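Right, one structure below, let's go through it.
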Amino acid sequence: MSKLSTVCTSFYVSLFLLSVLTRLQAQPQVNYDEAKVPAYTLPAVLKTTTNRAIRNKTAWETERRPEIIRLFEENVYGQMPRSYDRLTYSVTNEDAQAMGGKATLKEVRIDVINRTKQVTIHLVLFVPNQSKGPAPVFLLINNRAKDNTDPTRIHKSDFWPAEMVVDSGYAIAAFHVSDLAPDDTIRYATGVLQLYPDQLTAPNGMRAIGAWAWGASRVLDYLEKDAAIDAKKVAVVGHSRGGKASLWAAAEDPRFAMCITNCSGNTGAALSHRRFGETIARINTTFPHWFTDNYKKFNNNEDALPVDQHMLLAAIAPRPLYATNASKDLWADPTGTFLALKQAESVYALYGLKSHLPANPPAINQPILNAPIGYHNREGEHNLTAYDWRNFIQFANLYYNRSRKRK
Ligand code: GTR
């Protein structure tokens, strides 16, 4: 190598190292120390932006709840388009003897058309054959590999333990996020956003998480037409980024009977004002295609945000809500999740619903299974596991049995 090229190479190497260093310095260190959580004031869930106190469920439903949804649309998840020209569906594969005769498999193609553009959602659904009437269902927003929801059951996974759910008397369904918005900074716009192109240029335009939640509602449009399903008992389930979407879907669409959010962390079930683990700046930098452009204003500026995630959880009331964490998943801030749930209790109380959450986070592997607010912190890593699903089923059993008795 000539002397000149050696000099050039080391010049560029130093330039590269310098830029990496500058970027690292620009990113504040991740905080995992409770003592370093800054003092913060959460926006009050039961006070309007004009500072009026909300004292009953009518005022909550007519004033504060719609205001909260608007604030989340404007600042975080973006507008949620409610109209479309047409939805059609066709069962592309049906097997009444799936899972060795235990279930009926349906693969359904759902097409949603708006302004000549179309998006196709591929739904996988297993309904227990033993079911005495229309079956309640768990609907997973699948953000992981498609083989997690393999309709052939050659590949089985605890991420979507279909056999366990069917054996418990529930139907189980799933669709993949990529049908709505590929999870990619550039390609995310190739799904639902084609149907609503104005959203792309709007500062409060929907992005990928909004598109996934929108997809869950379109699947619910289909489930309402499927006689094998009790559409009044659809639990929307999501893990991590899928759990952010399951919360937004349930908050936006009151037809979802139950919401389950697993390890959803920042801009999911955890409080952002705590700046513990993943922060708004980090999530917006790594995943700029998930939330509105407006949300970027709150990078390293949490105190200016007019909402926090406890308000999203509260918007799901009085419907049952189950949130989880994993003990080694500090990035998703288990304490911040528990605190957000505690803050939502006051809204459930407006409906006369008593929370069974303890004052402080329960010990690891000590689930709180009584509705309206369920919670557990599973031992282990960031994941969706058989342990988590067993508790979701228990939570749903307790809730549905109790509401049956009330009737
Ligand atoms: C992480 C992201 C989290 C969470 C997670 C996941 O990288 O920072 O907010 O969404 O991915 O989806 O597994």
Side-chain angles (χ1 to χ4, degrees), residues 23-24 27-32 72 75-78 140-149 157-160 174-185 187-188 206-213 215-216 236-250 259-292 295-296 298-300 302 305 307-309 312-313 323-338 340 377-378 380-385 387-389:
R23 249 180 291 151
L24 280 179
Q27 286 276 11
Q29 286 294 307
V30 181
N31 178 35
Y32 289 127
F72 276 106
N75 296 293
V76 187
Y77 303 103
L140 176 75
I141 300 174
N142 181 18
N143 58 296
R144 290 231 180 131
K146 284 190 180 157
D147 62 4
N148 279 298
T149 67
S157 132
D158 284 347
F159 195 76
W160 193 71
F175 66 93
H176 198 265
V177 294
S178 61
D179 284 351
L180 286 312
D183 195 359
D184 177 281
T185 25
R187 289 185 311 114
Y188 75 92
M206 143 215 275
R207 297 289 180 266
I209 301 271
W212 303 342
V236 60
V237 186
H239 165 66
S240 205
R241 62 198 74 187
K244 303 179 209 293
S246 73
L247 285 171
W248 181 229
C259 179
I260 295 169
T261 185
N262 194 74
C263 297
S264 57
N266 187 273
T267 323
L271 293 174
S272 303
H273 280 72
R274 277 169 47 83
R275 302 141 171 104
F276 186 103
E278 187 172 31
T279 59
I280 295 177
R282 289 295 288 250
I283 207 165
N284 277 335
T285 308
T286 324
F287 307 102
H289 61 293
W290 281 1
F291 308 107
T292 58
Y295 199 40
K296 277 74 181 175
F298 304 100
N299 289 352
N300 304 313
E302 282 82 355
L305 188 64
V307 290
D308 206 331
Q309 301 306 116
L312 184 69
L313 308 181
T324 78
N325 286 111
S327 61
K328 294 189 180 150
D329 184 17
L330 295 184
W331 182 244
D333 190 11
T335 303
T337 303
F338 184 79
N377 190 9
R378 169 181 46 76
E381 311 282 346
H382 180 74
N383 200 359
L384 172 55
T385 69
Y387 175 92
D388 300 313
W389 279 99

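Just so you know, ligand 1 is whichever comes first in the structure, and atom 1 is the first atom listed for that ligand. This one's a predicted model, so the numbers in the text were calculated from it and none came from an experiment.
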Can D158 and T385 be counted as having a side-chain donor-acceptor contact under 3.5 angstrom? no

Do T149 and H176 pair up side chain to side chain, a donor and an acceptor below 3.5 Å, judged on atom types alone?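 Judged by distance alone, the side chains do not pair up.
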
Side chain proximity check, S246 to I260, heavy atoms < 4.5 angstrom: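 Sidechains of I260 and S246: no contact.
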
Determine whether N262 and R378 satisfy the following criterion, side-chain hydrogen bond (donor to acceptor under 3.5 Å, both in side chains), listing intermediate values before the conclusion. CA-CA 10 Å; N262 194 74; R378 169 181 46 76; 5.5 Å; no

Let me confirm one number: the OH-CG distance from Y32 to D333, rounded to the nearest 0.5 Å. 10.0 Å

How long is the straight-line distance from CG of L384 back to CG of L140, given to the nearest 0.5 Å?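 So the gap between those two atoms works out to 6.5 Å.
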
Is there a polar contact, in the sense of an N or O pair closer than 3.5 Å, between [X] and ligand 1?
| X | value |
| --- | --- |
| N266 | no |
| W331 | yes |
| S264 | no |

Numbered atoms and elements of ligand 1 in range of [X], under 4.0 angstrom, heavy atoms:
| X | answer |
| --- | --- |
| F287 | 2 (C), 7 (O), 8 (O) |
| H382 | 5 (C), 6 (C), 13 (O) |
| W290 | 9 (O), 10 (O) |

Test item, I283 contacting ligand 1 (heavy atom, 4.0 angstrom): yes

Students should be able to answer this: which protein heavy-atom is nearest to [atom], and at what distance?
| atom | result |
| --- | --- |
| atom 4 (C) of ligand 1 | S240 OG, 2.9 Å |
| atom 12 (O) of ligand 1 | R241 NE, 2.5 Å |
| atom 8 (O) of ligand 1 | E278 OE2, 2.5 Å |

Picking from Y188, W212, W290, what satisfies side-chain hydrogen bond (donor to acceptor under 3.5 Å, both in side chains) with D183? W290

When you measure from the side chain of T292 to the backbone N and O of G78, does any donor-acceptor pair fall under 3.5 Å?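 Checked: no pair found.
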
Where on K244 is there a heavy atom closer than 4.0 Å to ligand 1, on the side chain, on the backbone, on both, or on neither? side chain

